[in-house]
2 protein chains.
Amino acid sequence: MECHGGNIYKLSRQRGISEYDVIDFSSSINPLGTPESVIDEINRFSKHLYNYPDPEAMQLTETLAEHLSINPDSIICGNGSTELIYLIVRAFKPKTTLIQAPTFSEYERACSLLNSSIRYFPLTEQNGFLLNIDVYINWMKGSEISFICNPNNPTGRLIRRDDMLRIADGARWAKCYLIVDEAFMDFCADETLVRDVINNPYLIVLRSMTKFYALAGIRLGYAIFPLNVINKIKEYKEPWTVNTLAQRAGISAINDRTYIEESLKIMVQEKEFLESEFIRLAIDYIPSEANYYLLRLKKAMEVIQFLKEKGIMVRDCSNFRGLDNTYIRISVKTNELNTLLIKELSNIIK
Amino acid sequence: MECHGGNIYKLSRQRGISEYDVIDFSSSINPLGTPESVIDEINRFSKHLYNYPDPEAMQLTETLAEHLSINPDSIICGNGSTELIYLIVRAFKPKTTLIQAPTFSEYERACSLLNSSIRYFPLTEQNGFLLNIDVYINWMKGSEISFICNPNNPTGRLIRRDDMLRIADGARWAKCYLIVDEAFMDFCADETLVRDVINNPYLIVLRSMTKFYALAGIRLGYAIFPLNVINKIKEYKEPWTVNTLAQRAGISAINDRTYIEESLKIMVQEKEFLESEFIRLAIDYIPSEANYYLLRLKKAMEVIQFLKEKGIMVRDCSNFRGLDNTYIRISVKTNELNTLLIKELSNIIK
């Protein structure tokens, strides 16, 4: 079984088509595609691969710091935020970890490799996959680290900043490092905690440039650490993980205001469109503040197979801890592709 | 102190110049620069960063396997061979490790992070930094893993294939995994062990595409594993570490026969030139089969400082375990730059 969405290569090999002809609703990437400004920057710097990348990614770090109004000394860039998840776990070597279920699977994998004892905090459909904050804070007591993906993957549910700050205070009280993965935060209103890390020695924020800026192929993420822990993390950091083109891509992407505005606009439009279609077709969906929807379908496995035969990939969610084989996740794409998906969905569901 | 050569960013910031104006003799990269064919391929694929990279790097792996006449199932690609060094150590968790001194420092760092007890096998200038094979085999008994960089960094000394096979047999006898890092092997005669891995369950070969193909900025390496250990290694592999452009660059690079032939030709010419100049200037150098030389200079630290003021970086080797502050390493570059270096060296040495 696939662990993640987005493996267009496997399906294209199976079907004997070009990987770029697969219609990929399984990974949740900005449908506008990689910004033109980023592609131009990469093409300008592709002649500079002779040299090692800047191991400190100084220019990118300073650009991020300015953009986010935070201290550059609190930032570490990574080969995607995935590198940083594994790095944090290796540095902390937590004996006990608290993770929600369902959520992104790499937290569990990183902790399991270090034999951390993992406690799963259940999020249920009956409760709309929402977190009971007081109970969660109690569970953090006795855990050394805790991961919260916000908005959560695959549900799209968001915990607002005020509530997250309450959880972060709880983490401090429980002496449990709280890692908030904001991989999809750019898509919803600015509820980020990046500027709150400075006030809480137990709060770490992870960010990805993969999804919003459509940079999945070049690998770029970063994390913001309290100054009391960043040196310990750096002790474990492997050198040169962030390639030169990723560093340039990152600098270029966050300066592209037009792309950012257009992305937010298309997202509002297409989410309205999809939600109205879900309602029309009586498809159960979880209200999402991210760029994807978790759908509950009686015959999810049949739907996945039917769509695959049309060259359309959606995310089979049956391998998410806490979900079963009645869930799929689809990303929000362009109107043309969303319309196509809805058409095929209505064909199979009828 | 810098841990590695090639940090053009730090010097350029100190001197207020563009990083690409630094003349970098400190990292050992092919002076022909990144192949044009690779730059073209990257520019063609820069519009395909929307998708995640193929997590299995299948097309690259198959191209490598064909090029090397080995089984594709024995290959894992990495974000530079550095990722693979750390990955191997994490998978094996060796209680005891055998490492030469001097050698590339990341083996030691990777093992230290896991609290492995490290035994250092001394290579001395009196013995021309050559390895005593019988003694080394004895030392492997009692070690769980052992790293040999061949040709060695920073000395450039090569252990010929016949001798390496004897060491690999010794590793099997000692039940000690032998990791042969062939990062610079493309530069010298084909003494590689890549096709011998299949015959020895204790032999692992690491390869880098950084140096010969001048791909330092995009990060690409690979390793060949015996089939009895590769699944254990894959258990620990982090997903998507090899970006899409690195995968394309690798495929394109190994198919560029013209570049490969020209690189070998310029290397022969320029090594002859440099060696004759070292002799003329009475500079002590270690005979090298790689694209760099370890030089012994009485006032090495002064020389480094003098060259730095001219915008020329060389590798200060004083932080190599087993060397002192009388050693520098320089890479072989184009005739124009080698001539410039020799001119400046003769100015300061006189």
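None of these values were measured; they are calculated from a predicted model. Order of the sequence lines fixes the chain letters, A, B, ..., with proteins taken first and strands second; residue numbering starts at 1 for each chain.
Residue A/Leu113 comes nearest to B/Glu235 through the heavy atom pair CD2-O, 3.6 Å, listed as atom of the first residue, atom of the second, then distance. Between A/Tyr52 and B/Tyr9, the shortest heavy-atom distance links the atoms O-OH, 2.7 Å. Across B/Ala216 and A/Pro53, no two heavy atoms sit closer than the pair O-CD, 3.3 Å. Taking both residues in full, the closest heavy atoms of B/Tyr50 and A/Thr34 are given as N-OG1, 3.5 Å, listed atom of the first, atom of the second, then distance.
Highest contact tally toward chain A, considering only B/His48, B/Met58, B/Gln247, B/Glu106, is held by B/His48 [criterion: heavy-atom pairs under 4.5 Å]. Among the candidates A/Asn51, A/Ile39, A/Thr244, the residue making the largest number of heavy-atom pairs closer than 4.5 Å to chain B is A/Asn51. No other option in B/Leu215, B/Leu245, B/Ile29 has as many heavy-atom pairs under 4.5 Å with chain A as B/Ile29. Among B/Glu83, B/Gln59, B/Arg109, the residue making the largest number of heavy-atom pairs under 4.5 Å with chain A is B/Arg109. Note on B/Gly217, B/Gly80, B/Gly33, B/Ala246: by heavy-atom pairs under 4.5 Å with chain A, the leading option is B/Gly217.
Both the backbone and the side chain of A/Asp54 have a heavy atom closer than 4.5 Å to some heavy atom of chain B. For a residue to count as touching a neighbouring chain, one of its non-hydrogen atoms must lie under 4.5 Å from one of that chain's; by this rule A/Tyr213 does not touch chain B. For A/Thr241, the parts lying near chain B are the backbone and the side chain together; criterion is any non-hydrogen pair under 4.5 Å. Residue A/Tyr236 touches chain B through both its backbone and its side chain, counting heavy-atom pairs closer than 4.5 Å.
Residues B/Asn79 and A/Trp240 fail the side-chain proximity criterion, which asks for heavy atoms closer than 4.5 Å.
A/Arg90 has a carboxylate O that lies under 4.0 Å from a charged side-chain N of B/Glu238, or vice versa, which qualifies the two as a salt bridge. A salt bridge does not link A/Glu36 to B/Lys47: none of the charged side-chain nitrogens sits closer than 4.0 Å to a carboxylate oxygen.
Enclosure of atom CD in B/Gln14 by more than 12 non-hydrogen atoms of other residues, nucleotides or ligands within 6.0 angstrom is indicated. Within 6.0 Å of the NZ atom in B/Lys93, the count of heavy atoms belonging to other residues, nucleotides or ligands exceeds 12.
Atom OH of B/Tyr86 and atom NZ of A/Lys237 lie 10.5 Å apart (nearest 0.5 Å).
A donor-acceptor pair is defined here as one N or O able to donate and one able to accept, closer than 3.5 Å; no such pair exists between the side chain of B/Arg219 and the backbone of A/Val242.
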**OP:** Evaluate the criterion side-chain contact (heavy atoms from CB on, under 4.5 Å) for residue pair B/Ile42 and A/Leu49; output intermediate values, then yes/no.
**Re:** CA-CA 11 Å; B/Ile42 287 176; A/Leu49 300 178; 3.3 Å; yes

